[in-house]
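The structure displayed is predicted, hence computed values, not measured ones.
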Amino acid sequence: MVHTFTALGQYLAADVNSGAVHVLDEMSYRLLSAVGEEGPMAPEMPETLAQRLPQYPIQELKEAWQELHGLQDQGLLFTNDEYIDPEKAMELPRQAVVKALCLHVSHDCNLRCRYCFASTGDFGTGHRMTMDFETAKRAIDWVVEKSGKRRNIEVDFFGGEPLMAMDTVKRTVEYARSLEQAHNKCFRFTITTNGILLSDENIDYINREMSNVVLSLDGRQNVNDHMRPTINGKGSYDVIVPKFQKLVAGRGTKDYYVRGTFTRENLDFSEDVMHLASLGFRHVSVEPASGPLDDPFAIKCEDLPQVDAEYEKLARELMGRKDVNFFHFNVDLAQGPCVIKRLRGCGAGCEYVAITPDGDIYPCHQFVGKEEYCMGNVFDGSFNMDISSTFANQNIYTRPACRECWARFYCSGGCSASNLLVNNDISKSNEVACEMERKRLECAIALNAIAAGMGEAVPTCSNTDCNQCESCQ
């Protein structure tokens with residue numbers, strides 16, 4: 001499969017299976033687009049193609065054909081998919097070790113965000129609470145056991161608003177660190193916060209102990225304050241922006257992201273990205289709101305032309321800029337991920353789980369509250385392997401729409417929770433989300449191609465057991 005497209009004034013082709021990206025002239029682009037559905041290419045150009053492209057001299061078309069055919073001979077066009085056999089997809093590990101926790105230390109929040117998938121903090125349970133240390137301790141013990149021989153473990157403190165349970169956060173970090181040497185583990189902590197409770201003490205602690213921090217801010221003040229009011233209905237922008245700026249200023253080289261959400265009410269989201277950049281935030285992620293078909297804020301099919309245009313507008317704004325790193329335009333065309341990540345994605349439900357303040361285990365934070373997806377509890381040691389296997393079985397070959405999609409090796413099959421929200425089926429792709437992902441990828445590839453000039457296959461790790469890779473252990 002070869003995907004030909006134009007973006008940022010460039011004519012581009014992505015060979016899906018090899019990962020090679022080619023910057024073309026217009027004639028080669030038209031020629032490759034014409035043959036794309038029929039490929040691979042024969043040594044000699046069919047006369048029918050010349051008839052379909054009468055605007056170009058026949059000799060120039062033949063020369064372009066030979067150049068494209070040469071790329072095919074090098075394994076850079078129309079390459080085979082060595083994993084297309086469903087039997088091989090079924091051979092992926094079913095009981096991978098758990099390597100990441102989303103620890104819900106708070107099912108309460110001090111904001112009332114209008115689009116909140118967590119029902120403003122309580123995840124639809126009607127019961128606001130924070131996690132006590134005993135539950136967090138059990139969760140850490142549980143992941144140490146379930147991680148097997150894997151050394152590196154990720155823990156994300158999440159909510160609600162996790163700073164409402166800061167004492168539990170601190171005690172959990174201390175406890176996890178106390179286990180590292182004896183169990184040959186290394187914990188990497190992340191915290192996601194709306195910033196309301198950030199104090200100098202909390203900022204210092206986060207910058208010292210957290211490998212990554214996600215800072216929630218939607219962009220322009222009017223957008224943020226409309227969507228992210230406090231409990232008493234006031235805006236949150238003026239409270240949190242100075243705190244976020246102070247935290248980022250003290251972070252050094254450690255990771256962070258300022259993360260926003262755009263909805264149908266602010267489809268001009270490129271303005272929010274650029275506003276966040278103007279505040280001094282280099283690492284920015286602005287995500288589309290997702291929800292069931294009746295969700296008034298979720299992006300709909302009819303919004304896609306405007307959304308696609310906005311992504312391209314944003315890509316043009318960011319072209320050549322080093323001071324802004326937009327998360328969704330990050331794509332590594334020089335070194336691809338290992339096979340299991342390319343095929344299965346985030347690992348929700350098998351390699352990654354969420355744990356609630358009660359100790360219940362769910363496939364990820366977006367499944368919390370859906371009782372049919374409760375996998376067990378850290379206090380009784382239960383873990384429903386049937387549910388885990390169902391999620392482990394989700395990959396780009398078991399999801400019908402993914403098998404035919406050119407972007408499959410980049411997005412790794414999309415989001416099970418998003419699929420469930422829209423289609424009531426974790427295997428049935430949310431086409432609106434897929435279309436936005438494809439457009440983001442086109443922009444990302446174009447930005448990379450402009451910056452570097454591409455045309456070589458992307459090397460990837462062929463190991464289907466991710467825990468065997470040195471970088472993954």
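- Looking at N395, its side chain never comes within 3.5 Å of a backbone N or O of G413 through a donor-acceptor pair.
- Of all the heavy atoms in F133 and T172, the pair that sits closest is CE1-N, 3.9 Å.
- Counting only N and O atoms by type, the side chains of H328 and E287 include a donor and acceptor under 3.5 Å apart.
- At distances below 3.5 Å, at least one donor-acceptor pair connects side-chain atoms of N377 with backbone N or O atoms of D358.
- Atom CG of D167 and atom OG1 of T130 lie 9.5 Å apart (nearest 0.5 Å).
- Using a 3.5 Å distance cut-off with no hydrogens or angles, the side chains of S427 and N419 do not pair a donor with an acceptor.
- No donor-acceptor pair closer than 3.5 Å links the side chain of S388 to the backbone N or O of M385.
- When every heavy atom of I240 is checked against every heavy atom of G195, the shortest pair comes out as CG2-C, 3.7 Å.
- Ring geometry, W406 versus F5: the interplanar angle falls under 30°, so the pair is classed parallel (tilted spans 30 to 60°).
- Annotation for V353 and W142: closest pair CG2-CZ3, 3.8 Å, computed over non-hydrogen atoms.
- Between Y175 and D141 there is a side-chain heavy-atom pair separated by less than 4.5 Å.
- In this structure, CZ in F409 is found 13.5 Å from CG in L441, a value given to the nearest 0.5 Å.
- Side chain to side chain, D132 and T135 meet the donor-acceptor criterion of an N or O pair below 3.5 Å.
- Using a 4.0 Å cut-off between a side-chain N of Lys or Arg and a carboxylate O of Asp or Glu, R438 and E435 qualify as a salt bridge.
- Ion pairing between a basic and an acidic side chain is recognised when a charged N comes within 4.0 Å of a carboxylate O; R177 and E174 show no such pairing.
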Given the rule in the side-chain hydrogen bond (donor to acceptor under 3.5 Å, both in side chains) test, do N17 and R408 qualify, once you have shown the distances and angles that lead to the verdict? CA-CA 10 Å; N17 295 323; R408 60 184 181 268; 3.2 Å; yes
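- Between S429 and C402 the shortest heavy-atom distance is OG-SG, 3.9 Å.
- Contact of the D156 side chain with the T192 side chain is registered, since non-hydrogen atoms from C-beta on lie closer than 4.5 Å.
- Annotation for S416 and Q394: closest pair OG-CG, 4.3 Å, computed over non-hydrogen atoms.
- Formation of a donor-acceptor pair under 3.5 Å by the D303 side chain with backbone atoms of K300 is found in this model.
- We find the CG-CZ distance between L215 and R259 to be 12.0 Å, quoted to the nearest 0.5 Å.
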Quick one, Y311 with F269, criterion ring-ring contact (aromatic ring centres under 6.0 Å, His included). Give me CA distance, side-chain angles, the key distance, then yes/no. CA-CA 9 Å; Y311 277 125; F269 59 87; 4.8 Å; yes
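- Taking the charged nitrogens against the carboxylate oxygens, K313 and E271 do have a contact shorter than 4.0 Å, which makes a salt bridge.
- In this structure, the side chain of K185 engages the main chain of R150 through a donor-acceptor pair within 3.5 Å.
- Side-chain contact between F391 and Y352: absent, with no pair of heavy atoms (C-beta onward) separated by less than 4.5 Å.
- Between the R228 side chain and the L217 main chain, no donor and acceptor come within less than 3.5 Å of each other.
- Looking at every heavy atom in both residues, M1 comes nearest to C405 through SD-C, 4.1 Å.
- The shortest distance between side-chain heavy atoms of L197 and M166 does not fall below 4.5 Å.
- Applying the side-chain hydrogen bond (donor to acceptor under 3.5 Å, both in side chains) test between H283 and each of N325, D255, N212 identifies N325 as the sole match.
- Pairs of residues two or more places apart, or lying in two chains, that qualify as salt bridge (Lys or Arg N to Asp or Glu O under 4.0 Å) and include a residue from residues 215-224 are R220-D268, R220-D272.
- Counting heavy atoms from C-beta on, the side chains of D295 and P292 come closer than 4.5 Å.
- From D225, atom CG reaches atom OG of S236 across 5.5 Å, with rounding to the nearest 0.5 Å.
- The closest side-chain donor-acceptor pair between S270 and R316, if any, does not fall under 3.5 angstrom.
- In this structure, the side chains of F123 and T356 stay at 4.5 Å or more apart for every pair of heavy atoms.
- The CG atom of L163 lies 10.0 Å from the SG atom of C109; values are rounded to the nearest 0.5 Å.
- A side-chain donor from one of E161 and N194 sits under 3.5 Å from a side-chain acceptor of the other.
- Taking 4.5 Å as the limit, some side-chain heavy atom of L267 sits within range of a side-chain heavy atom of V307.
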Report the C-alpha separation of M210 and V169 in whole Å, then their side-chain angles, then the decisive distance to 0.1 Å, and conclude whether the side-chain contact (heavy atoms from CB on, under 4.5 Å) test is met. CA-CA 11 Å; M210 301 293 156; V169 170; 3.8 Å; yes
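- H104 has its side chain within reach of P357: a pair of non-hydrogen atoms, C-beta onward, lies under 4.5 Å apart.
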What do the steps show when you test E437 against R440 for salt bridge (Lys or Arg N to Asp or Glu O under 4.0 Å), and what is the final call? CA-CA 5 Å; E437 175 69 2; R440 291 192 295 258; 2.8 Å; yes
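- Note that R251 lies outside the cation-pi zone of Y256, set by a 6.0 Å cut-off to the ring centre and a 45° limit from the axis.
- Using a distance-only test at 3.5 Å, with no hydrogens or angles considered, a donor-acceptor pair links the side chain of K254 to the main chain of R208.
- Side-chain atoms of R128 never come within 3.5 Å of backbone atoms of S106 as a donor-acceptor pair (strictly under, hydrogens ignored).
- Without hydrogens or angle criteria, R282 side chain to K322 main chain gives a donor-acceptor distance under 3.5 Å.
- Look at R264 and E302 and you find a salt bridge, because one of the NZ, NE, NH1 or NH2 atoms lies within 4.0 Å of a carboxylate O, short of that distance.
- Between the S389 side chain and the D386 main chain, no donor and acceptor come within less than 3.5 Å of each other.
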